[in-house]
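Encoded as structure tokens, the structure appears first; notes follow it.
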Amino acid sequence: MLLTTIMTVFTLSIQTPDEAGIHERTLTLSNGSEMRYTLSIPEREDATKPVPLILALHYGWGGQGPPEPFYGKGILTRLIEPALGDLGAVIVAPDCPGKGWTDPKSDRLVMALLDHIMEQFPINTKEVLVTGYSLGGAGTWHMAAHHPDRFSAAIPVAGWPASEHEALLEAMPLYVIHSRQDEVVPIGPGEAMVEKLSAGGKQVEFLVVEGLTHHQTPLFAPYLKQTVPWIKEIWGR
């Protein structure tokens, strides 16, 4: 019922193209406001064959207002595509429409955007991954905990979990990446959550990075790429 209500609120301004490459697109709401997103479409020999979907949540922008247009393109091109591009997935990187990825507005619009992408492409619903960095890492924890039916795996990078997530992450496969030298988002909360989840028998991996500081985002790409075999195993490849 909730998803039906959400979808009746939105009107799409344009059709998503099928050609491979990176595209900047806008979802226009019925009240005239807009939600921007960057889309990466893989090369496909058969346009009808189901493909994976990766939701990529960008880092913070440091301003009081909304991020600059197509701000999500940065996380897509600097981190997510270099690390996970070989999976042949459609990657969608929205601009955060609220104050952060965990607020109700952002949550609703991200779910509506996922519905739209799944209407436009033959997405394999068993191969849907959420990942993000910093603010997007916190958003990844949130999305995985609150929408376990929408994702098959989650990879928060340099993000922070909330205490409520422990009880909500019953069956979601998690791969957590964090630097020991992160001076902005300390590793402690994430490390403690991983320990609690592991002690409870949850499926969670933890990759501790040494020597990188918080703002060296592109240098996390090789570590994120290390998760590819794990992702393929989760997806049954």
Side-chain angles (χ1 to χ4, degrees), residues 52-60 75-76 79-87 89 91-94 100-102 106-107 110-111 114 123-180 182 184-210 212 214 217 220-237:
L53 174 62
I54 298 173
L55 172 64
L57 304 179
H58 66 67
Y59 31 66
I75 193 70
L76 191 155
L79 178 61
I80 308 303
E81 195 168 62
L84 305 180
D86 290 343
L87 289 170
I91 307 174
V92 59
W101 294 111
T102 63
S106 297
D107 188 284
V110 167
M111 292 302 108
L114 288 181
I123 300 298
N124 184 340
T125 57
K126 295 181 179 180
E127 297 186 347
V128 182
L129 169 73
V130 57
T131 186
Y133 188 89
S134 189
L135 184 74
T140 300
W141 281 104
H142 170 85
M143 297 296 176
H146 290 275
H147 301 284
D149 58 322
R150 303 302 299 265
F151 304 103
S152 53
I155 307 176
V157 186
W160 58 94
S163 57
E164 65 178 21
H165 294 160
E166 181 183 357
L168 295 173
L169 291 166
E170 285 296 327
M172 176 66 63
L174 286 164
Y175 202 121
V176 181
I177 302 175
H178 213 119
S179 175
R180 184 76 66 188
D182 193 320
V184 176
V185 181
I187 194 173
E191 190 171 36
M193 181 62 74
V194 168
E195 291 176 356
K196 290 178 180 179
L197 292 172
S198 296
K202 306 298 193 306
Q203 190 172 2
V204 57
E205 302 288 336
F206 191 33
L207 175 57
V208 177
V209 176
E210 299 288 351
L212 293 185
H214 188 77
T217 308
F220 281 81
Y223 300 98
L224 183 56
K225 192 176 183 67
Q226 288 182 36
T227 69
V228 169
W230 175 83
I231 295 170
K232 289 182 177 180
E233 182 179 354
I234 295 297
W235 288 351
R237 292 191 181 183

Are the side chain of [X] and the backbone N or O of [Y] linked by a donor-acceptor pair below 3.5 Å?
{"X": "His165", "Y": "Ala162", "answer": "yes"}
{"X": "Thr102", "Y": "Gly139", "answer": "no"}
{"X": "Thr140", "Y": "Ala154", "answer": "no"}
{"X": "Thr131", "Y": "Ala56", "answer": "no"}
{"X": "His146", "Y": "Trp141", "answer": "no"}
{"X": "Ser134", "Y": "Gly159", "answer": "no"}

Hydrogens and angles aside, do His214 and Ser179 bring a side-chain donor and acceptor to less than 3.5 Å of each other?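 Short answer, no.
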State, without any angle test, whether Glu164 and His142 hold a side-chain donor-acceptor pair at a distance under 3.5 Å.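 No, no side-chain donor-acceptor pair sits under 3.5 Å.
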Measuring only between side-chain heavy atoms, which start at C-beta, is [X] closer than 4.5 Å to [Y]?
{"X": "Glu205", "Y": "Trp230", "answer": "yes"}
{"X": "Val128", "Y": "Arg150", "answer": "no"}
{"X": "Ile54", "Y": "Phe151", "answer": "no"}
{"X": "Val176", "Y": "Pro156", "answer": "yes"}
{"X": "Pro94", "Y": "Trp101", "answer": "yes"}
{"X": "Leu114", "Y": "Ile123", "answer": "no"}
{"X": "Val204", "Y": "Met193", "answer": "no"}
{"X": "Pro148", "Y": "Met172", "answer": "yes"}

May I ask you to decide whether Arg180 forms a salt bridge with Glu191, counting only side-chain N to carboxylate O separations under 4.0 Å?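 So Arg180 pairs with Glu191 through a salt bridge.
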Salt bridge Lys202-Glu166, side-chain N to carboxylate O under 4.0 Å: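 Looking at Glu166 together with Lys202, the answer is no, because their closest N to O distance does not fall below 4.0 Å.
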Is it true that, when you exclude Glu233 itself, more than 12 heavy atoms of the residues, nucleotides or ligands shown sit nearer than 6.0 Å to its CD?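 No - once you tally the heavy atoms of other residues, nucleotides and ligands closer than 6.0 Å, there are 12 at most.
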Distance-minimising heavy-atom pair for [X] and [Y]:
{"X": "Met143", "Y": "Leu57", "answer": "CG-CD1, 4.2 Å"}
{"X": "Pro52", "Y": "Arg237", "answer": "CG-NH2, 3.0 Å"}
{"X": "Pro173", "Y": "Ile234", "answer": "CB-CD1, 3.7 Å"}

May I have the step-by-step check of side chain to side chain contact (heavy atoms under 4.5 Å, CB included) for Leu129 and Trp235, ending in yes or no? CA-CA 10 Å; Leu129 169 73; Trp235 288 351; 4.0 Å; yes
For Thr227 and Ile177: C-alpha separation, side-chain torsions, deciding distance, then whether side chain to side chain contact (heavy atoms under 4.5 Å, CB included) applies. CA-CA 10 Å; Thr227 69; Ile177 302 175; 3.9 Å; yes
Name all residues meeting the salt bridge (charged side-chain N to carboxylate O under 4.0 Å, His left out) criterion together with Lys225; count only those two or more places apart in sequence or in a different chain, and write none if there are none.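 Residues passing salt bridge (charged side-chain N to carboxylate O under 4.0 Å, His left out) with Lys225: Asp86.
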